[in-house]
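To start, the structure under review is shown below, and the notes come after it.
Each chain gets a letter, A, B and so on, in the order its sequence line appears, and its residues count up from 1.
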Amino acid sequence: MSEIALKDTARTSEPGGIPKAYEPQAVEDKWYQFWCEQGCFTANPASSKPAYSIVIPPPNVTGMLHLGHVLNNTIQDILSRKARLDGKEVLWLPGTDHAGIATQAVVEKALRKEGKMKHRDDLGREKFLEHVWAWKEKHGGIIIQQLKKLGCSCDWTRERFTMDPEYSRCVQKVFVELYKKDLIYRGKRMVNWDPAARTALSDEEVEMTETKGHLWHLKYPLLDDAGCLMPDQFVVVATTRPETMLGDEAVAVNPQDERYTKLIGRKVLLPLQNKPIPIIADDFVDPQFGTGCVKVTPAHDPNDYAMATRHNLPLTVVIGPAGNMTAAAGEDFDGLDRMEAREAVVEELTEQGLLLKVEDYVHNVGYSQRSHVPIEPYLSEQWFLKYPSVDKATQCVELGAIAGKTVPVVELAGRELAGTDRAELRESAMKLAREQGWIGKSFRNEDTGWDILVRRKSLSHAFNNRSPVVIQAAAMLPELIRTAILWRSVPHDPPHPRFKRVHYFIGALKLAEELYCVPITVKELADGRMLYDYKAKKAALGGKPLVAHLPEEKLGSQPAPNVAAINVADLLADVNPAIGGMIRFHPERWSKTYTHWMTNIKDWCISRQLWWGHRVPVWYRKSETRNPKSEIASVDICCGIEPPSDHENWEQDPDVLDTWFSSWLWPFATMGWPEQTPTLKKFYPTTDLVTGPDIIFFWVARMIVAGYEFMGEPRFGLPDALPFRNVYFTGIIRDKLGRKMSKSLGNSPDPLELIAQYGADALRFGTMRSAPLGQDVLFDEKDVELGRNFCNKLWNACRFRQMQGSAGGSPAAANGSSEAFEMEGEIDPTLLTSDDKWILLRLDQAIREIDTAFADYKFSDATATLYRFFWSEYCDWYVEASKAALQGSDAALKANKLAVIDFVLSHTLRLFHPFLPFITEELWQGMGFNQDLPEGQGGKTIMFAHWPKPLDADFKEHYGLDESAEKLASAKYELVGLGRNLRREFNLPANKKLHYVLKPTGNLAASEIEVIRLLLNAEAVEVNPAFVPEKGTPVVANALGELLLPLAGLIDVAAERARLSKELDKARAEVQKARAKLENPQFTQKVPPHVLAEHQKRLVEWQTKEQQVLAALANLPPV
RNA sequence: GCGCGCUUAGCUCAGUGGAAGAGCACUUCCUUCACACGGAAGGGGUCGCAGGUUCAAAUCCUGCAGCGCGCACCA
């Protein structure tokens, strides 16, 4: 199939030249190659067009394309292609991630399988890394290549890898800068240790899993003051991990626990180790839990470690880095795996009679997200990062979360306080508050539903030393509290026993034609009460003329418009200019998750005991007298991008950095940072980010932090430091039973196979159609099939158009020269039928709906609209109706019809292009829609055509697209539906040609009758106002008139009576419903006028229907 | 324990105050000259439960139940 064939066929009107079914395979490869060769995906930083950019969430080099990638990257491609159609200069920047642990594990496994090593130490660091690089070169690009099959319009000239030399320098630079700011530090701490990968992990890489385990109750023999055993006296402790008891250094009790106060300071004999350990008192211990005695294992439990620090206990490491017991665990256990040791310890304790009991116990155990083995809390020396720019990064998302909201503007008019100076105003304000009884009263905030209490003390504080405007605002206190919007909640800082959290609200006040932002602070007490706080009015600044806050289109020519509500984002820009922008999450609810994490953020363990990754850029001065890495004086540490000049005297830190420590720089490091490259200047900050909510902490949050920390410098001259403006969170792809896709279940279809079977467009359309915003996607191959069917429908609709020949009024030249082939003829307004007007209005509606869907990132809405418009409206009604003219003899009418069809199709293809890039390009070119367009506007490729605009008022007026035209067509289709229903009711086969009679209400043009005939698939529709039907002739009616189906000799009176009775019941029920409402005075008095009119109209319509049915029933012959 | 979702037709889901919707599946009819990857018609829902607000509730509020997901966890 080629574009030539499609065009030639159109000219020669030989339907056989175009396949009846769309065949995607050849088409897709052809156009992808074309786009690449023409450089269509390459972003030009020098372009004068506005920029749109998006960076791909870099897939792991180890990965294969799965349906999650399909969903994620289809969305990115839709956004990119839509932006191109919108006339933006688009950069979609692709690349891959080195994925430290995962890649190293894969390569290690392969090398072990090939017998090249048992452990990577056998090869040594350099040799091993050579193997990883070789592996990466061979397998690394798989996903990226697969994305091309999907049609992704990435700028492949800018593909990046997180281990590229330039990228690596960025990582090092960032490390060095943060080190110099003392934000990166080395520390010996309890970390999450993955014994399988033998590396530390960050908190985020630990998954808590509910696990069935046991609670072992152990008896520790009590010693007397002389250190001798006291017969039959024990302290009982409970543990889920008996093997750790070998490293116990104390038993802890709560100091208030009267059962044990007398034991504090005594000692017990640690069994198996036969070591006396003290009984200590610590508040951490919950007397209510278990026996109230806790064994303390300082080196293997974070809480115990904290207690050990408080009590200066020694640290005994009994479990080593591989999860095996150390020599310190004692001869019997040395070298055992921790799970084997558990059994051995339990066995030994049982033998010694020190195991009191074992209970079944369900608890949460941390597992390594990568290796899926239980995490070992492990004491080791690691590098940590104290997050920078946390406040800004937190607030920009909180602002984004409420940016879509509007806050009602409270007007002060008529409530000004008496007085001119501050003291007088304050007096009036307090007087007003007292008189109105506001003090001690709660007001319900509409945004949160919280009752917010106003206290006298808060008020008097609020009015001290505030500006007159602030005090004036007090006159509207209840209204402001009631209407304010919540924008952020934070823990009380510093921590306070009475106050849990502080909530910041924002209200809007109009005073003397000027708009004021009114931030309100509310404190939440521990008991849940909300207090209007004295800081409430502190920041009521930023008052600017009201007009400055209104977009021009709202402003019009009115000098002082009356606003009822204003976008919160506009107000907040005043309060928080430092942030300089905001980030919106879609769906918004994820911003809560984000805020929660950001407000409880802990230092990030960034070092990993791996070889594959960015090596920590720190060198230690070699020394023979010192243990490596510990107790190193600062003069013996060198942190820099380059090794020290006398590098032979130094050795580099062996560890590498967490992979996410490189990915968090992705949005700018890929664009050439720290150089001020043209790409960076043009395309940073990026516009959208598309990713999964499971990596909000790993990646999204850290990128925002990095953006503020590294891109906030003024020298970049950027409008914003933030890395992106919108984050779209995809759902998880599940199978149709709702289970997660997994290899072991075998429920994870290969996208490439689906593409081979159905086409990439079909896969894209099916996926998007079933993926509503923020919901998990239940994947069903049926959806892809539906996508294929849809493409086929589109294909055939265009094929039908091509068979009709030229729209130019004269047939295309027989020799087929392309100049003679005018695709879009002029539409003559005087020749438009009601059907033409109807489809143009439906197109207009579809464009509007799709624009709205895009604005809200609701891609499934957009596909639903496309589907409805094209299939149900264009194909099922318009095309069928158009056959009346196309098969008729009026050449001018026919040409005009084709012009409308071309208009609609050329718009449709552009609307479809982001979703179905391949087939739309094939048809765009094949139908010749590109031919009269400049190269940059669709002449070369549909990719750069203009996105359709809704039809404007002038257009509608010029073509007479008004409500009456739409109504006529709708009524026609309604009557056709009723007529078809008669056919069915009387069991007339679909292929039987019928003769209908129409008794029209008014005048109907012959062409309209012909359309009705065609749509009814009738032999004839006889128009006869005076028709007197035989008794019992079936009839249906609507606003256009009565449609009768004379069935001489075939009338089944009983069936017709049954049919009409059913309709009568329906009509009477509806009349009853409408009448009941309209007879209710409460309803008629309170309801808005348009609703009242609607119901009145409805009543009349159903009453008419009732009369028609009654007449038809009366007309039935007696049984 | 805290937080967030979800509950509407057999299935998957739209629908944030004014007559219950879509696709799939199902039933019946039709190979009519774009398309059987198609066309036509049809059946099918007390919108999880109970209260409340309202002239009006799938929609707003309050409880409750069930399912799912995060976060934090006491050995």
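Scanning atom types as modelled, no donor and acceptor separated by under 3.5 angstrom connect the side chain of Gln804(A) and the base of A34(B). Looking at Lys793(A), its side chain comes within 3.5 Å of the base of C35(B) through a donor and an acceptor atom.
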Next on the checklist: Is there a side-chain contact (heavy atoms from CB on, under 4.5 Å) between Phe234(A) and Leu356(A)? Walk through the geometry before answering.
Outcome noted: CA-CA 10 Å; Phe234(A) 301 97; Leu356(A) 182 66; over 6 Å; no
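With sequence neighbours excluded, the residues forming a side chain to side chain contact (heavy atoms under 4.5 Å, CB included) with Lys1066(A) are Glu1070(A), Trp1102(A), listed by chain and number. Tyr874(A) pairs by the ring-ring contact (aromatic ring centres under 6.0 Å, His included) definition with Phe870(A), Tyr878(A), not counting sequence neighbours.
Ranking C71(B), A34(B), G43(B) by closeness to the Phe697(A) side chain, first place goes to C71(B). Proximity note for Val294(A) (side chain, C-beta onward) versus C4(B), C35(B), A75(B): the nearest is A75(B). When the nucleotides A19(B), C24(B), G15(B) are ranked by their closest atom to the side chain of Lys858(A), G15(B) comes out on top. If you check G43(B), A41(B), A75(B) against the side chain of Asp286(A), the one that comes closest is A75(B). Here A40(B) is the nucleotide among A40(B), A20(B), C4(B) with the atom lying nearest to any side-chain atom of Asp876(A). You'll find that the side chain of Val1087(A) is closest to G18(B), out of C71(B), A75(B), G18(B). When distances run from any side-chain atom of His1095(A) to the nucleotides A75(B), C24(B), G18(B), the shortest one goes to G18(B). Listed nucleotides G23(B), A34(B), A75(B) differ in distance to Phe284(A); the shortest reach to its side chain belongs to A75(B).
Distance Phe779(A) CZ to C24(B) C1': 14 Å, rounded to the nearest Å. The separation between Leu1078(A) atom CG and A56(B) atom C1' is 12 Å, rounded to whole Å.
Taking CD1 from Ile280(A) and CG from Leu313(A), the interatomic distance works out to 5.0 Å, rounded to the nearest 0.5 Å. Between atom NE2 of residue His503(A) and atom CG of residue Leu486(A) there is a gap of 7.0 Å, rounded to the nearest 0.5 Å. Here Ser770(A) contributes atom OG and Ile733(A) contributes atom CD1; the two are 7.0 Å apart, rounded to the nearest 0.5 Å. Rounding to the nearest 0.5 angstrom, the gap separating the CG atom in Asp203(A) from the CD1 atom in Ile375(A) is 10.0 Å.
We find that Arg259(A) and Asp257(A) are joined by a salt bridge, their nearest charged nitrogen and carboxylate oxygen being less than 4.0 Å apart.
At G3(B), none of the side-chain N or O atoms of Lys592(A) fall inside 4.0 Å of OP1 or OP2 (strictly under the cut-off). The side chain of Tyr361(A) places no N or O atom within less than 4.0 Å of a non-bridging phosphate oxygen (OP1 or OP2) of C74(B). A close approach under 4.0 Å does not occur between any side-chain nitrogen or oxygen of Asn1017(A) and OP1 or OP2 of C30(B). Applying the 4.0 Å criterion to OP1 and OP2 of A41(B), one finds that Arg980(A) has a side-chain N or O inside that range. Residue Lys883(A) has a polar side-chain atom (N or O) positioned under 4.0 Å from OP1 or OP2 of A34(B).
The shortest heavy-atom contact between Val1011(A) and Ala884(A) is CG2-CB, 3.8 Å. The two atoms that bring Phe915(A) and Ala862(A) nearest to each other are CZ-CB, 3.6 Å, heavy atoms only. Between Thr863(A) and Arg769(A), the closest heavy-atom pair is OG1-CA, 3.4 Å.
A cation-pi arrangement is not found for Lys793(A) relative to Tyr867(A), the charged atom failing to lie both closer than 6.0 Å to the ring centre and inside a 45° cone about the ring normal.
Relative orientation of the Trp597(A) and Phe697(A) rings is parallel, given thresholds of 30° and 60° on the angle between their planes. Phe790(A) and Phe765(A) have parallel rings, their planes meeting at less than 30° on a 0 to 90° scale where 60° marks the start of perpendicular.
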Report all interatomic pairs (protein N or O, nucleotide N or O of nucleotides 25-29 of chain B) with separations under 3.5 Å.
from	atom 1	to	atom 2	distance (Å)
U28(B)	O2'	Arg984(A)	NH1	3.3
C29(B)	O2'	Ala990(A)	N	3.0

Find every protein N or O atom lying less than 3.5 Å from an N or O atom of nucleotides 9-14 of chain B, and list the pairs.
from	atom 1	to	atom 2	distance (Å)
A14(B)	OP1	Gln775(A)	NE2	3.1

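Within residues 866-874 of chain A, the residues having any heavy atom closer than 4.0 Å to RNA chain B are, in order of number, Tyr867(A), Trp871(A).
Toward the 5' end of RNA chain B, the nearer of the two residues Asn789(A) and Lys295(A), judged by each one's closest nucleotide, is Asn789(A). Both Asn303(A) and Asn796(A) sit near RNA chain B, but only Asn796(A) has its closest nucleotide nearer the 5' end.
Taking the six-membered ring for Trp and the full ring otherwise, Trp877(A) and Tyr973(A) have centroids separated by under 6.0 Å.
Taking atom P in both C69(B) and C30(B), one finds a spacing of 49 Å when rounded to whole Å.
Contacts of Pro1081(A) with the nucleic acid, taken as non-hydrogen atoms under 4.0 Å apart, are absent.
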Checklist outcome for this item: Each base of RNA chain B marked ( ) or [ ] if paired in-strand (Watson-Crick or G-U under 3.5 Å), | if paired to another strand and . if unpaired gives ((((((((.[[[[.)..(..]]]].(((((.......))))).....[[[[[..)....]]]]])))))))....
